[in-house]
Each structure stands twice: as structure tokens, then as C-alpha cells.
Amino acid sequence: MGSKEGKEAAATALGNLADGSEKRTSALLKAGVGPPLIRALRSGVAEVKAAAAEALRSISAECSGKASAVLEGAVEPLVKMAAEGTPETREVAAGALRNLAAASDELVNSVFEAGAVPHLVKILESGSLEGREAAAAALGNLVDESKERAAAVVAAGALEPLVALLGGASMA
């Protein structure tokens with residue numbers, strides 16, 4: 001077991017290795033990166049959790065289909081981070097959830113069933129610009145081809161902040 005600093009550095013390095021490369025991401029997943037990153041997300045150390053979430057955001061952007069199933073265990077702690085994290089970690093969690101919701105049908109269902117919608121709407125309402133963009137994209141991925149999920153997103157109050165992000169109205 002490494003130190004907090006070592007774990008944070010390792011998670012950062014793994015995320016950087018995945019960034020922009022499907023081939024490297026595939027190699028990382030084959031090497032078993034999923035479970036240690038998911039454990040790091042569940043740790044009590046904020047810096048390690050943030051680095052793990054950032055790595056998962058990079059990895060999930062480059063994987064799809066069966067490969068993404070390895071990351072299903074990340075959904076619940078990412079939803080928790082989107083709900084309870086710092087503004088910065090909520091933004092990273094929204095980005096990872098956006099990517100996971102685009103990776104496979106199984107993951108989009110997992111993100112929805114884990115209760116991500118109200119937390120993504122909250123980020124959409126009050127997050128940083130990057131966080132609002134990630135939350136909007138995550139919600140878009142969730143509602144794609146699903147009337148049930150679309151109705152839940154509307155019921156959660158996403159319309160006004162989505163229109164505001166588009167520049168059509170200001171949030172009161």
C-alpha cells in the first residue's frame with residue numbers, strides 16, 4: 001500500500017496514460033486498472049478520490065462496449081462525489097459520468113439507476129462552466145433514446161438551466 005501522495009500520483013499518471021488513446025486505455029483495462037481506481041474513489045482521502053475520478057474520466061472517454069463493463073463499479077462512488085464533493089470534484093465526477101453514460105447501454109442504465117440525475121441538475125444549476133457543460137452532456141447521454149430517462153431529467157428541473165447554459169435565458 002502506498003502513501004496518499006503515491007496513490008494520488010499513480011492515479012494521475014494512469015489518467016494521463018489513457019488520455020486520448022484508445023489503445024493505451026485498452027492496455028490499462030487489461031492490466032486491471034479498474035478495481036484499484038474504484039477502491040481509490042471509495043477512500044476517505046479527498047486528493048486520492050479526486051485523482052481517481054480524473055483518471056476514470058480519462059479512461060471512460062476512451063472505452064466502450066464490453067471494455068467499459070470493468071468500470072461499472074465506479075458509478076456509485078462517482079454519483080456520491082457528484083452529490084457531496086467539493087465544487088472541483090463534483091465537476092470531475094460529472095465529466096466521468098458523462099463519459100460512462102456514453103460508453104455502453106449497461107453503463108447509461110447504471111448511471112441513471114444510481115440516482116445521478118438530481119446531482120447533475122444541481123451541478124448544471126450552480127457549477128463552474130466546465131462542470132455545467134459536463135453535467136449537460138451527461139444528461140444528454142442519459143436521455144438519448146429513452147423516454148423514461150428524459151421524463152426524469154425534465155422532472156428534476158433540468159430545462160431551465162439547460163436553456164440558460166445555451167444562452168437563451170438567465171437563471172433567477
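Numbers here simply count residues along the sequence, with the first being 1.
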Can you find a heavy atom in the side chain of [X] that is under 4.5 Å from one in the side chain of [Y]?
X	Y	value
I59	L37	yes
L41	M81	yes
D144	V108	no
R57	N99	yes

Between atom [atom1] of [X] and atom [atom2] of [Y], what is the distance when rounded to the nearest 0.5 Å?
X	Y	atom1	atom2	result
N16	R24	CG	CZ	9.5 Å
E133	I123	CD	CD1	13.0 Å
K30	S26	NZ	OG	4.0 Å
N141	S146	CG	OG	12.5 Å
L165	L124	CG	CG	6.0 Å
E72	I38	CD	CD1	9.5 Å

Using a 3.5 Å distance criterion without hydrogens, assess whether the side chain of [X] forms a donor-acceptor pair with backbone atoms of [Y].
X	Y	value
D19	G15	no
S21	A18	no
R98	A134	no

Inset, instruction - Please indicate whether E76 has more than 12 foreign heavy atoms, meaning atoms of other residues, nucleotides or ligands, lying under 6.0 Å from its CD. - result: no
Inset, instruction - For side-chain contact (heavy atoms from CB on, under 4.5 Å), just list the numbers for T89 and K49, CA-CA rounded to whole Å, side-chain angles, deciding distance to a tenth of an Å, and then say yes or no. - result: CA-CA 8 Å; T89 59; K49 289 166 68 168; over 6 Å; no
Legend entry - Test: E125 and R90 ion pair at under 4.0 Å: no
Could you tell me which non-hydrogen atom of [X] sits nearest to which non-hydrogen atom of [Y], and how far apart they are?
X	Y	result
A50	V92	O-CG1, 4.3 Å
L71	G34	CD2-CA, 4.3 Å
N109	R149	OD1-NH1, 2.8 Å
G157	P161	O-CD, 3.1 Å
V75	S110	CG1-O, 3.5 Å
S60	L100	CB-CD2, 3.6 Å

Legend entry - Option from L28, T25, T12 for which side-chain contact (heavy atoms from CB on, under 4.5 Å) with L17 holds: L28
Inset, instruction - Report whether V33 and V48 are members of the same hydrophobic cluster (ILVMFWY, side-chain heavy atoms less than 4.5 Å apart, transitive linking). - result: no
Inset, instruction - Carefully, step by step, assess L162 and L166 under the rule side-chain contact (heavy atoms from CB on, under 4.5 Å). - result: CA-CA 6 Å; L162 284 169; L166 184 61; over 6 Å; no
